[in-house]
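Scroll down for the structure; my scribbles are underneath it.
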Amino acid sequence: LDSFLKKDLLVSNAVFGFILIGLEKLVELKFECPCSPTWNRPLSSAFFIVPAIIAFILMLIIQGCRCDKWCRKTVSLSTFVPAIVWLILLFLDGQYFACAMTDWKGSFVLIDKAAPQKWCEPISEGDVTPQELMLRSQEWIAMSQVS
């Protein structure tokens with residue numbers, strides 16, 4: 001399997017892509033935004049950065065070292081594919097970006113309305129109503145998916 005994956009870059013990237021899709025679905029089930037302005041961005045950033053770096057390193061290991069200049073360029077470009085796929089999956093999900101952008105304290109709850117969605121429901125009302133904050137969260141999810 002190792003030699004097969006090293007020979008064909010397309011196959012190794014495709015296999016890794018499917019693994020990342022499964023991993024993102026598992027992480028999505030376990031992800032809980034802390035709903036704390038202090039921790040939202042660091043936690044969400046970790047979900048974006050750490051798995052992307054791990055995927056990049058694993059692709060370097062799987063593909064091994066190459067001797068000539070052309071192969072080195074091919075390896076370096078193709079090793080970024082799983083990391084980019086991971087970032088695309090997280091942006092398409094949207095809840096990680098919405099969590100990072102949330103700047104109010106609350107509790108992470110599931111809304112049953114149109115499509116099931118999780119968001120940080122505010123603990124106390126301030127200048128902005130909970131409905132406006134929910135709309136803001138939905139806009140962030142849409143903005144994440146568009147980007």
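Throughout, numbering of the chain's residues begins at 1 and tracks the sequence. The figures that follow rest on heavy atoms only: side chains count, while hydrogens, waters and symmetry mates do not. Keep in mind that what you see is a predicted model, and the values were worked out from it rather than measured.
- Trp39 and Val109 fall into different hydrophobic clusters, where Ile, Leu, Val, Met, Phe, Trp and Tyr residues are linked whenever their side-chain heavy atoms come under 4.5 Å apart, directly or through other members.
- With rounding to the nearest 0.5 Å, the separation of CD1 in Ile111 from NZ in Lys118 is 11.5 Å.
- Taking OG of Ser144 as the reference point, atom CG of Leu90 lies at 8.5 Å (rounded to 0.5 Å).
- Glu121 and Trp104 get closest at one heavy-atom pair: C-NE1, 4.4 Å.
- A side chain to side chain contact (heavy atoms under 4.5 Å, CB included) with Lys105 is found for exactly one of Pro37, Cys35, Cys120, Ser124, namely Pro37.
- Across Trp119, Phe31, Phe47, a single residue satisfies side chain to side chain contact (heavy atoms under 4.5 Å, CB included) together with Gln95, and that is Phe31.
- Atoms OH and CG, on Tyr96 and Asn40 in that order, are 14.0 Å from each other to the nearest 0.5 Å.
- Listed here is the closest heavy atom pair of Pro82 and Thr79: CD-O, 3.5 Å.
- At a threshold of 4.5 Å between non-hydrogen side-chain atoms, the residues Cys99 and Pro34 count as touching.
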Counting only pairs under 3.5 Å, give me each side-chain donor-acceptor contact of residues 130-143, with atom names and distances, residues two or more places apart or in other chains.
| from | atom 1 | to | atom 2 | distance (Å) |
| --- | --- | --- | --- | --- |
| Glu132 | OE1 | Thr129 | N | 3.1 |
| Glu132 | OE1 | Thr129 | OG1 | 3.3 |
| Ser137 | OG | Leu133 | O | 3.4 |

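- Rounding to the nearest 0.5 Å places CG of Leu87 at 11.0 Å from CG of Leu92.
- In the hydrophobic clustering of ILVMFWY residues, with side-chain heavy atoms under 4.5 Å counting as a link, Ile21 and Val50 come out together.
- Of the inter-residue distances, the one linking Ser44 atom OG with Ile49 atom CD1 reads 10.5 Å to the nearest 0.5 angstrom.
- Partners of Lys25 under the side-chain hydrogen bond (donor to acceptor under 3.5 Å, both in side chains) rule, at least two apart in sequence or in another chain, are Glu28.
- Annotation: Phe91 is in aromatic contact with Phe48 [ring centroid separation under 6.0 Å].
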